[in-house]
Amino acid sequence: MPLYEYHCNDCGEAFEKVVRFSEADIAPACPNCESMDTNKLISTIASFGISESGSAFSSNSSCGSGGRFT
């Protein structure tokens, strides 16, 4: 099951919750104040190790050989 991040509109708390895909849009209660006025946050895609050329690894590495990020 995926991990989703939510925000409470009442107390401002941000929290994470593991939920089923089918239940991702159902607002969970805030663990801090128990308010039901929460909404799912939109996350950005992780882009670690990606260079401007789009290559993630140095040219002297190969898959599975422990190559280093550039």
Side-chain angles (χ1 to χ4, degrees):
M1 285 188 280
L3 177 68
Y4 290 98
E5 188 173 6
Y6 295 88
H7 176 262
C8 177
N9 295 317
D10 286 339
C11 72
E13 181 81 10
F15 60 96
E16 296 175 335
K17 184 168 176 117
V18 177
V19 296
R20 298 175 194 258
F21 283 115
S22 61
E23 298 172 356
D25 292 326
I26 299 171
C30 174
N32 187 50
C33 70
E34 299 182 9
S35 170
M36 293 301 292
D37 188 13
T38 60
N39 58 322
K40 185 170 64 170
L41 299 177
I42 306 261
S43 298
T44 58
I45 297 172
S47 60
F48 65 90
I50 304 296
S51 67
E52 290 180 15
S53 66
S55 174
F57 298 98
S58 63
S59 60
N60 63 355
S61 68
S62 62
C63 184
S65 67
R68 295 175 40 185
F69 287 105
T70 57

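Everything numeric here is computed off the predicted structure, so don't read it as measured data.
Ring geometry for Phe15 versus Tyr6: interplanar angle under 30°, hence parallel rather than tilted (30 to 60°).
Following chains of ILVMFWY side-chain contacts shorter than 4.5 Å, one can reach Met1 starting from Leu3, so the two form part of one hydrophobic cluster.
Taken from CG in Leu41 to NE2 in His7, the straight-line distance is 7.0 Å, to the nearest 0.5 Å. Note: Met36 CE to Ile26 CD1 = 9.0 Å, rounded to the nearest 0.5 Å.
The two residues Cys11 and Cys8 make their nearest non-hydrogen contact at N-SG, 3.4 Å.
Checking side-chain atoms of Ser35 against main-chain N and O of Cys30 turns up no donor-acceptor pair under 3.5 Å.
In Lys17, the NZ atom is not crowded: 12 or fewer heavy atoms of neighbouring residues, nucleotides or ligands sit closer than 6.0 Å.
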